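Each ligand, and each atom within it, is numbered from 1 in the order the structure gives. Residue numbers count from 1 along this sequence. Since this is a predicted model, take the numbers as computed values, not measurements. These numbers come from the heavy atoms of this one structure, side chains and all, not from hydrogens, waters or symmetry mates.
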Amino acid sequence: MEVRNLHKSFGNNEVLKGIDFHVNQGEVVCVIGPSGSGKSTLLRCVNRLEEPTTGTIRVEGTDITDPETDLDAVRTRIGMVFQQFNLFPHLNVLQNLTLAQRRAKKRGKAEAEATAMKNLAKVGLADRAKAFPSQLSGGQQQRVAIARALSMDPDMMLFDEPTSALDPELVGDVLEVMRQLAQEGMTMMVVTHEMGFAREVGDRVVFMDGGVVVEQGAPEAVLGNPQHERTRSFLSKVL
Ligand code: ADP
Ligand code: MG
């Protein structure tokens, strides 16, 4: 996935000011930066929940900012996991996982359920298929949300602060699932404040501030030996 000179404004508030960014196949890129720096907007542009003002975004060579591009097709190839889990409260776990597969991928019931169960097992929740979201902890709900995204067989996964809404004791299980996904070779873009995760699992860390990429590089370089004062200042507050 390659982003070139991406600009995004809301009214006259320019939130992204010329972002150049890429994620190679199989790479885990962690995006860090202060609140309001444009991290979520960047992610939302990548799967076209937001329309970029100018710039190009290519996914496997296809320009997804082209008006001709089929956005539903883009979104089935790019899985997204949000801070809020966004599960349907009136559907059980299995139904939450099969709904989009049946609608967007036109899978039959048996295939959708088999795919759902495979991914529930992957996140350690095969035994909760019949539970409703309200019967699960926040960490379990987030793992269900990850399994739901994986059930669409995405080429790439986007995570927007997936553990920020969780009680501290529930964060580890979700990070473990993400770590396992990374080990299996999933291409991932992860906005996170979990610096331990960024350091251990990230292939690259990107620091954003004020709508620009200030610096990026290997985790040990960006987190251990930042070159810019803005990065140093941010890290001194979060590490
Ligand atoms: P981050 O995720 O780094 O905290 P965001 O991308 O959420 O930053 O927000 C960057 C800026 O864009 C903020 O000033 C925010 O108020 C503004 N913004 C984000 N989404 C919208 C929107 N839909 N309408 C207007 N302003 C928005
Ligand atoms: Mg955000």
With heavy atoms of [X] as the reference, note each atom of ligand 1 found under 4.0 Å away.
X: P34; answer: 3 (O)
X: V15; answer: 10 (C), 11 (C), 12 (O), 17 (C)
X: T41; answer: 5 (P), 6 (O), 9 (O), 19 (C)

- Determine, for F10 and K8, whether the Lys NZ or Arg CZ falls below 6.0 Å from the six-membered ring centre while staying within 45 degrees of the axis.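 Yes, a cation-pi geometry.
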- Closest approach of A149 and G79, non-hydrogen atoms and distance?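 Looks like CB-CA, 4.3 Å.
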- Might you point out which heavy atoms bring P219 and D203 nearest each other, and give the distance in Å? CD-O, 3.5 Å
Shortest protein contact, [atom] (heavy atom only):
atom: atom 7 (O) of ligand 1; value: S40 CB, 3.7 Å
atom: atom 8 (O) of ligand 1; value: G38 N, 3.2 Å
atom: atom 3 (O) of ligand 1; value: K39 NZ, 2.8 Å
atom: atom 19 (C) of ligand 1; value: F10 CE1, 3.5 Å

[X] [atom1] to [Y] [atom2] distance, which is reported to the nearest 0.5 Å:
X: S236; Y: E229; atom1: OG; atom2: CD; answer: 8.0 Å
X: F85; Y: L136; atom1: CZ; atom2: CG; answer: 10.0 Å
X: L158; Y: R44; atom1: CG; atom2: CZ; answer: 11.5 Å

- Message: Between D160 and S40, is the side chain to side chain donor-acceptor pair (under 3.5 Å) condition met? List the steps.
- Response: CA-CA 7 Å; D160 193 358; S40 293; 2.6 Å; yes
- Query: Which other residues belong to the hydrophobic cluster containing L99, where Ile, Leu, Val, Met, Phe, Trp and Tyr are joined when side-chain heavy atoms lie under 4.5 Å apart, directly or via other members?
  - Reply: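 F88, L91, listed by chain and number.
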- Between G36 and ligand 1, is there a nitrogen or oxygen pair with a distance under 3.5 Å? yes
- Task: Would you confirm whether any non-hydrogen atom of the protein falls under 4.0 Å from atom 15 (C) of ligand 1?
- Result: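 No, there is no protein heavy atom closer to it than 4.0 Å.
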- Looking at atom 23 (N) of ligand 1, is any protein heavy atom nearer than 4.0 Å to it?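 It does; a protein heavy atom is within 4.0 Å.
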- Item | Common cluster, V191/V212, ILVMFWY with side-chain heavy-atom separation under 4.5 Å |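 No, V191 does not connect to V212 through the hydrophobic network.
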- Query: Honestly curious: do F21 and I78 fall in one hydrophobic cluster under the side-chain, below-4.5 Å linking rule?
  - Reply: yes
- Query: Ignoring water, what protein N, O or S atoms are under 2.8 Å from the Mg ion (ligand 2)?
  - Reply: S40 OG
- Using non-hydrogen atoms of the residue, decide whether S37 is closer than 4.0 angstrom to ligand 1.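 Distance cut 4.0 Å: S37 passes for ligand 1.
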- side chain to side chain contact (heavy atoms under 4.5 Å, CB included) with V214: of H228, Q227, M208, only one passes, and it is H228
